Protein chains: 2
Amino acid sequence: MKASIYDVARYCGLSVVTVSRVLNNTGNVREKNRRKVLDAIEALDYRPHAAAQSLARGHTRIIGLMMTTLHDRFFETVVNEINRALARYGYFLALSVSSDVRSRETHDLMHEDRVDGLILLSLPEEDRYVAQLKKRSIPFVLIDNQRRDHMVPSVLTDNYYGGYEAAKHLLSLGHTRIAHVCGPEYFLSTRERKRGFLDALREGGLSPFAVVQGDYEIGFGYNTAKSWIRSGKLPTAVFAGDDYIAVGIVNALAEEGMRVPEAMSVIGYDDQYIASRLRPYLTTVRQPAENIGQSSVELLLKWIGAGSTASVTVEWKPELVIRESTAVYKA
Amino acid sequence: MKASIYDVARYCGLSVVTVSRVLNNTGNVREKNRRKVLDAIEALDYRPHAAAQSLARGHTRIIGLMMTTLHDRFFETVVNEINRALARYGYFLALSVSSDVRSRETHDLMHEDRVDGLILLSLPEEDRYVAQLKKRSIPFVLIDNQRRDHMVPSVLTDNYYGGYEAAKHLLSLGHTRIAHVCGPEYFLSTRERKRGFLDALREGGLSPFAVVQGDYEIGFGYNTAKSWIRSGKLPTAVFAGDDYIAVGIVNALAEEGMRVPEAMSVIGYDDQYIASRLRPYLTTVRQPAENIGQSSVELLLKWIGAGSTASVTVEWKPELVIRESTAVYKA
DNA sequence: TTGAAAGCGATACCAC
DNA sequence: GTGGTATCGCTTTCAA
């Protein structure tokens, strides 16, 4: 049978209160007794019962994380970092991956006082949750939120800047026939990247060779490039909405014997695993996933600690990573 | 303030016992009263307090999952499936990703009665945990365990079979100069795949063109292929230890203007995302991650339900997925 | 510095 | 069918 705090108290001839005190490092315990308690704990291999502690203290030291998919390098890294940061502060991570927003389990995560706070990672329909969370006054943080108008603590990256920098890079290389192959319109990030891209081109006095919209998939990039090739009209540089699209483009070109960056410069977004492994290594825009994960935890724990929040927004700048897939334009 | 079961009882003029009864669907409640309770719950927007329930019931309905990395398609899918299966049974998932086996948080997951059971996903040093778990009599299941000798409930895939089938496939295509580029020796899966591969070759009366060992990385496949090319001595077919290695090989070949499968047949393992997206689509050996995730949950919950286990081992057969990267040998 | 006792919010045994 | 009460294991006043 597992030892309880009473067993420890009995074992060392002190009261449970004293045991509790050394457990929680609340002062006022004679050093000699402290030792006795510690020894008893050791001898009995005692560990406090989490549920009992939660009940007594009113909190669980569990943070919930809700997301729709793990299959994304950026998300993976964020989750990893959140996990690590949480552990450092003595918190646990409850994960809920659910593509179906309306499923039951995600709701119970916030309904039964299971968590002290929640992190919402790039959730569509975020409003629905935000309303619930506010009503139940559960601390939360949004990462990569879709809407920026409601005042809620959130951490995000400057996608406009990312798109802008990507385009600037291509421009500086002397390209003038520049296309953008982007993701679905309903992502704020897609729209922002595009806006940044277009603004940069406009500043350069250019209009885009083309703006093609589809999914963040290798296949979409592949098909787009193939259709350009078929038509015989190609841009000299492409800003892909993400690395998968970029890789698809490179792949299609390679099949036709065209090399990147010689035949076409290609720039991606996200710095996924393959971006730095597959030749040609991809020039890309990197989001600081580690920082994002960390800030979200810090923001959340600050809220939990303070009992209220100032609804801070932390914004990270993405970073242009120049590798092999972009080069100076040669006529 | 959040409503407790006492508030509900007071509101509907019944006792907490009755409320608890309708909450848990234990019979013996007059239908009329049942309605009253339900109405009160509705009116007060009441939800039972998880910690209080855990304390009273003696379990948490939380299952812990320990793993070392999320960056793997197979793992992702397993996690996803575990999450889904758990949710179906009304359980929650506590995740601990930790490459450092000795870190604190992973331990507390099993020490404070936070979880009703644990799933260990492909953990090196599994023995250490198994011992702890057994000592504390916490139900657990191993997925993809490294050692197969200790009697513990586990679910795994037949890597020997996978390697064997891969080789058979290449053999049946008429290849005779077949290489194996595999992962690190310390993975049981690596050793098993290799053993299957070698046995198949032996049955075909062949010895391998080469067996090269390195990391499960694109770069390793790339470098290996490059060195073959430099040496001028190439196999006509390769069984890569995983898809990343395979993609690296294809990538290196493509750079030299050599096409797959025309110049060389390549077969991967795991059916990662890129395997089915990048041309040429990879012939690969697919592990049934969904089934694995599900069985692990079922095994674990069965143990938890029964209070004991028969130490079952569930083994899934991987499946050969033939796509574009392998073809009949032409001299 | 220490400990007795009152919660925390449920469940479960046992009368009625 | 229903409800009083002890119980789960810990924290937190409050007196001593």
Side-chain angles (χ1 to χ4, degrees), chain A residues 1-38 40-41 44-62 90 92 108 111-116 136 138, chain B residues 1-38 40-41 44-62 90 92 108 111-116 136 138:
Chain A
M1 190 50 200
K2 215 197 148 225
S4 85
I5 197 171
Y6 284 95
D7 300 319
V8 177
R10 194 175 316 122
Y11 188 96
C12 62
L14 290 160
S15 79
V16 295
V17 181
T18 305
V19 177
S20 175
R21 285 203 180 98
V22 351
L23 238 36
N24 299 291
N25 272 315
T26 353
N28 291 356
V29 176
R30 213 183 298 280
E31 180 55 26
K32 192 176 132 205
N33 286 335
R34 221 179 79 82
R35 281 249 59 86
K36 273 174 128 181
V37 171
L38 258 15
I41 288 177
L44 270 47
D45 196 18
Y46 166 77
R47 295 291 191 302
H49 189 94
Q53 271 184 326
S54 297
L55 183 55
R57 300 212 256 234
H59 58 248
T60 59
R61 293 198 85 75
I62 298 178
F92 292 87
D108 289 340
H111 281 342
E112 299 178 333
D113 296 281
R114 286 193 173 269
V115 299
D116 293 347
R136 303 197 167 266
I138 300 174
Chain B
M1 189 51 201
K2 217 200 144 221
S4 85
I5 196 170
Y6 285 94
D7 300 319
V8 177
R10 194 176 316 121
Y11 188 95
C12 63
L14 291 161
S15 78
V16 294
V17 180
T18 306
V19 176
S20 175
R21 286 204 180 97
V22 352
L23 237 37
N24 299 291
N25 272 314
T26 353
N28 291 355
V29 176
R30 212 183 299 280
E31 179 55 27
K32 194 178 132 204
N33 287 334
R34 222 179 78 82
R35 282 249 58 85
K36 272 173 106 181
V37 171
L38 257 18
I41 289 177
L44 271 47
D45 196 17
Y46 165 77
R47 295 290 193 301
H49 188 95
Q53 271 183 325
S54 297
L55 183 55
R57 297 211 257 234
H59 58 248
T60 59
R61 294 199 83 76
I62 298 178
F92 292 87
D108 290 341
H111 280 341
E112 299 178 334
D113 296 283
R114 286 193 172 269
V115 298
D116 293 347
R136 302 197 168 265
I138 300 174

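Keep in mind that this is a model prediction, so the values were computed, not measured. As a basis for the values below, the full set of heavy atoms in this structure was taken, side chains included, without hydrogen atoms, waters or symmetry mates. Proteins get letters first, then strands, A, B, ... in listed order; numbering begins at 1 in each.
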| message | dT11(C), OP1 or OP2 - any side-chain N/O from Gln53(B) closer than 4.0 Å? | response |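 Yes.
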| said: Please confirm whether the shortest side-chain N or O distance from Thr18(A) to OP1 or OP2 of dT2(C) is below 4.0 Å. | reply: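 Negative; the distance criterion is not met.
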| request: Sequence neighbours left out, what passes side-chain contact (heavy atoms from CB on, under 4.5 Å) with Arg57(A)? Give chain and number order. | output: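 Residues passing side-chain contact (heavy atoms from CB on, under 4.5 Å) with Arg57(A): Asn24(A), Gln53(A), His59(A).
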| request: With sequence neighbours excluded, tell me which residues meet side-chain contact (heavy atoms from CB on, under 4.5 Å) with Ala56(A). | output: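 Listed in chain order: nothing, the list is empty.
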Could you check how far [atom1] of [X] sits from [atom2] of [N], rounded to whole Å?
X	N	atom1	atom2	value
Asp113(A)	dA10(C)	CG	C1'	12 Å
Asp7(B)	dC8(C)	CG	C1'	13 Å
Arg114(A)	dA10(C)	CZ	P	12 Å
His59(A)	dG9(C)	NE2	P	14 Å
Asn24(B)	dG9(C)	CG	P	17 Å
Ile5(A)	dA5(C)	CD1	P	17 Å

| Span of DNA chain D, from the first to the last nucleotide whose atoms fall under 4.0 Å of chain A heavy atoms |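 Both ends considered, the range comes out as dG9(D) to dT12(D).
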Holding to salt bridge (Lys or Arg N to Asp or Glu O under 4.0 Å), I want the full list of residues that pass it with [X], two or more places apart in sequence or in another chain.
X	result
Arg21(A)	none
Arg61(A)	none
Arg30(B)	none
Asp7(A)	Arg10(A)

| message | Tell me the bend of the helix from dT1(C)-dA16(D) to dC16(C)-dG1(D) as the angle between end helix axes, each from five pairs, rounded to the nearest 10 degrees. | response |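 That helix gives 40° between its end axes.
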| field | Out of dG9(C), dA10(C), dG3(C), whichever nucleotide has its closest atom nearest the side chain of Ser15(A) | value |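 Between dG9(C), dA10(C), dG3(C), the one nearest the side chain of Ser15(A) would be dG3(C).
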Using the test side chain to side chain donor-acceptor pair (under 3.5 Å), find all partners of [X] that sit at least two apart in sequence or belong to another chain.
X	answer
Arg34(A)	Glu31(A)
Ser54(A)	none
Ser4(A)	none

| query | Which heavy atom in Cys12(A) sits nearest to a heavy atom in Val19(A), and how many Å separate them? | reply |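 Reported closest heavy-atom pair: SG-CG2, 4.5 Å.
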| query | Looking at side-chain heavy atoms only, is the closest gap between Arg114(B) and Ile62(B) below 4.5 Å? | reply |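 No. Closest side-chain heavy atoms not under 4.5 Å.
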| said: On DNA chain C, does the nearest nucleotide to Asn33(A) precede the nearest nucleotide to Val16(A) from the 5' side, or the other way round? Give the residue. | reply: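 The residue mapped nearer the 5' terminus is Asn33(A).
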What N/O pairs connect the protein and nucleotides 13-16 of chain C at under 3.5 Å? Give each pair on its own line.
none

| Closer to the 5' end of DNA chain D via nearest nucleotide, is it Tyr6(B) or Arg57(A)? |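 Counting from the 5' end, the first nearest nucleotide belongs to Tyr6(B).
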